[in-house]
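Remarks on the structure that follows.
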Amino acid sequence: TRCGLANQSARYIIDALARNCTIRHLYISGNDLNSSIYEYGIKLGGMMSRHPTLLHADFSSCGLTR
C-alpha cells in the first residue's frame with residue numbers, strides 16, 4: 001500500500017534508514033520519490049551501497065531517476 005510520503009517525511013525516513021543497522025527488507029514501492037535534483041535517488045543509492053544488512057529493497061513505481 002502507498003503511504004504517500006511528503007518531501008520532508010521522505011528525507012527523515014531515508015536518513016533514519018541509513019542509521020538503522022538491522023533492517024533487512026525495505027519496501028517503499030508506490031511512493032512518489034521523484035525530485036528534480038535526484039535527491040531521493042542519491043540518498044537511497046548511498047544508503048544501499050553502505051548498508052551492512054539490507055538484503056532486499058523494492059523501489060518500484062517510485063519515480064526514481066538517474
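Quick caveat, the model's predicted, so the values are computed rather than measured.
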Suppose we screen for ring pair (Phe, Tyr, Trp, His ring centres under 6.0 Å). Which residues come up paired with His25, at least two apart in sequence or across chains? none
Using the rule that Ile, Leu, Val, Met, Phe, Trp and Tyr join whenever any side-chain heavy atoms are under 4.5 Å apart, tell me whether Tyr12 and Ile14 fall into a single cluster. no
Considering only heavy atoms from C-beta outward, does the side chain of Met47 approach that of Leu26 to under 4.5 Å? yes
To the nearest 0.5 Å, atom CG of Leu44 lies from atom CG of Leu17 at 8.0 Å
Looking at CZ of Arg11 and NZ of Lys43, how far apart are the two atoms once the value is rounded to the nearest 0.5 Å? 8.0 Å
Hits for side chain to side chain contact (heavy atoms under 4.5 Å, CB included) against Arg50, two or more places apart or cross-chain, chain-then-number order -> none
For Thr53 and Ile23, indicate whether the former's side chain and the latter's backbone hold a donor-acceptor pair under 3.5 Å. yes
With side chains defined as the heavy atoms from C-beta onward, is the minimum distance between Ile28 and Ile13 less than 4.5 Å? no
Has the side chain of Ser61 got a donor or acceptor atom that lies under 3.5 Å from a matching backbone atom of Ser29? no
Spatial distance of atom CG (Asn34) from atom CD (Glu39) [nearest 0.5 Å]: 11.5 Å
How close do Cys21 and Pro52 get, counting heavy atoms only, and between which atoms? O-CG, 4.2 Å
Side-chain cluster (under 4.5 Å, hydrophobic types only) that Ile42 belongs to, other residues: Tyr38
When you look at OH of Tyr27, are more than 12 heavy atoms from neighbouring residues, nucleotides or ligands closer to it than 6.0 Å? yes
